[in-house]
Amino acid sequence: TDLGVYNYSTGGAQWNLKFIDNTRNSSTIEKYRDYKYEYDSSLKLSLEQPLLKGFGKAITMAKIDLAKVQSEVDENKFEQKLLQLVGATIQLYWKLYGAQQIYKSWENSLNIAEDSLKDIEIRALGGKIAKTEFMESQSSIYVRRGELHNAKSKVVEAQNQLMTLLNILVSDNKNIQLIATDNPFGNYDRILESDEYIKMALEKWPEYKIAKKTVEKERIQVKYAQNQLLPQLNIIGTVSTNSLETEYDKALTKVMDDEFLSWSIGVKISIPFPVNVQAKSGLLIAKMRAKQAEIELDALKKSLSNSINS
């Protein structure tokens, strides 16, 4: 029976605690001994500590740190998608508001023109004005009716796009009319300096935060790749206690004594020859990815600054 536990320390050391319990029976035992079974038990603690490759908290926790950074990247991507959806919704809302205001404007203009046409017709029949003025007024009404129809189609288009965002089927809700009531010109935020807007954007803009986390992730990869290029130099130590008895209970009891204590210590060295091509290539790729991520972060920052200052 073998039972054991093992774990890693943050410094890179691996320890292993194992309990071994054996029950032996053989023809030799039965022939030369006055008992049938021998019980062999041992408790062994092993420790292996890297000194070069695999040494240090940063290397041991590299995969965990990468997972944490990736989790933050995924959260920022979700936030980015959410903001895009909110932005699209706001844009469509103001599009609907503008279309409705234009429709009302053309509707009022048409009503005024139609009311004026009656007076112009009477004056033209009485010879007070030329008939061409009456015809021009009629023509302007036709133009207004065309613009009103076009404005109506813009309202319907904006409303349908909003209903799509709301996951509402237009054909099943033909009687629904969305009315934008908020006035975009009602409230104005205090206008700040461009540097303040840039600072706010860099703190909250998900795309920039994703780029920063990408740089952080690639730098972790570079540190890990640099460490993997080092030779392996590990200190190995073991401590164990053993017992051999003809009775099972005695074997378990004596395994906890230090009467038969044994220990060993050594060094394990592994040096790739002539070179670790795989580790060297991995380091080169990691450095290139880190440099690319830094360039993209800098370009994103400059693009944001230029956009705000435009």
Side-chain polar contacts of residues 140-147 - donor-acceptor pairs under 3.5 angstrom, sequence neighbours left out - could you list them?
| residue | atom | partner | partner atom | Å |
| --- | --- | --- | --- | --- |
| S140 | OG | S137 | O | 2.7 |
| S140 | OG | R144 | NH1 | 3.3 |
| R144 | NE | S109 | OG | 2.6 |
| R144 | NH1 | S140 | O | 3.3 |
| R145 | NH2 | E114 | OE2 | 3.0 |

Side-chain donor-acceptor contacts of residues 295-303 below 3.5 Å, not counting sequence neighbours, with atom names and distances?
| residue | atom | partner | partner atom | Å |
| --- | --- | --- | --- | --- |
| E296 | OE2 | Q292 | NE2 | 3.3 |
| D298 | OD2 | K302 | NZ | 3.1 |

task: In sequence, state the C-alpha distance, the side-chain angles, and the governing distance for R219 and E294, and then conclude on side chain to side chain contact (heavy atoms under 4.5 Å, CB included).
output: CA-CA 10 Å; R219 286 175 178 173; E294 291 170 357; 3.2 Å; yes
query: Passes side chain to side chain contact (heavy atoms under 4.5 Å, CB included), L92 versus L165? Steps please.
result: CA-CA 9 Å; L92 283 176; L165 282 178; 3.4 Å; yes
message: The test is side chain to side chain contact (heavy atoms under 4.5 Å, CB included); show your working for N7 and N16 and say whether it passes.
response: CA-CA 7 Å; N7 205 343; N16 186 352; over 6 Å; no
task: Please step through side chain to side chain contact (heavy atoms under 4.5 Å, CB included) for the pair K280 and L229, ending with a clear verdict.
output: CA-CA 6 Å; K280 191 174 182 179; L229 198 59; 4.0 Å; yes
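With sequence neighbours left out, D182 forms a side chain to side chain contact (heavy atoms under 4.5 Å, CB included) with Y93, W94. With sequence neighbours excluded, no residue forms a side chain to side chain donor-acceptor pair (under 3.5 Å) with Q226.
Looking only at distances, a side-chain donor or acceptor of N227 sits under 3.5 Å from a matching main-chain atom of G54. In terms of modelled atom types and a separation under 3.5 Å, the side chain of E75 and the main chain of Q70 share no donor-acceptor contact. Distance alone, capped at 3.5 Å, is enough to place a donor-acceptor pair between the Q159 side chain and the I176 backbone. Proximity of a side-chain donor or acceptor of Q232 to a complementary backbone N or O of K53 within less than 3.5 Å is not detected. Between the side chain of T60 and the backbone N or O of T10 there is at least one donor-acceptor pair closer than 3.5 Å. S139 contributes no side-chain N or O that, together with a main-chain N or O of M135, makes up a donor-acceptor pair within less than 3.5 Å.
A heavy-atom distance below 4.5 Å is found between the side chains of K217 and L66. By the 4.5 Å heavy-atom criterion applied to side chains, M163 and L178 are counted as neighbours. Two residues are said to be in side-chain contact when any heavy atoms from C-beta on lie closer than 4.5 Å; Q14 and Y6 meet this criterion. Y208 has its side chain out of reach of I210: every pair of non-hydrogen atoms, C-beta onward, lies at least 4.5 Å apart. Between N76 and Q80, every side-chain heavy-atom pair lies at or beyond the 4.5 Å cut-off. V5 has its side chain within reach of W15: a pair of non-hydrogen atoms, C-beta onward, lies under 4.5 Å apart.
Using a 4.0 Å cut-off between a side-chain N of Lys or Arg and a carboxylate O of Asp or Glu, K209 and E72 do not qualify as a salt bridge. No salt bridge links E218 with R289; every basic N to acidic carboxylate O contact stays at or beyond 4.0 Å. Electrostatic pairing of K199 and E196 does not count as a salt bridge here, judged by no charged N lying under 4.0 Å from a carboxylate O.
Residues S240 and S42 have side chains that never bring a donor and an acceptor to within less than 3.5 angstrom of each other. T238 and S46 share no donor-acceptor pair across their side chains, judged by distance under 3.5 Å alone.
When hydrophobic residues (I, L, V, M, F, W, Y) are linked wherever their side-chain heavy atoms come within less than 4.5 Å, the members clustered with I64 are M61. As a member of the Ile/Leu/Val/Met/Phe/Trp/Tyr network built from side-chain separations under 4.5 Å, V239 groups with L51, L52, L230, L233, I235, L261, W263, I265, V267, I269, I271.
In this structure, I20 CD1 and S41 OG are separated by 9.5 Å, a value rounded to the nearest 0.5 Å.
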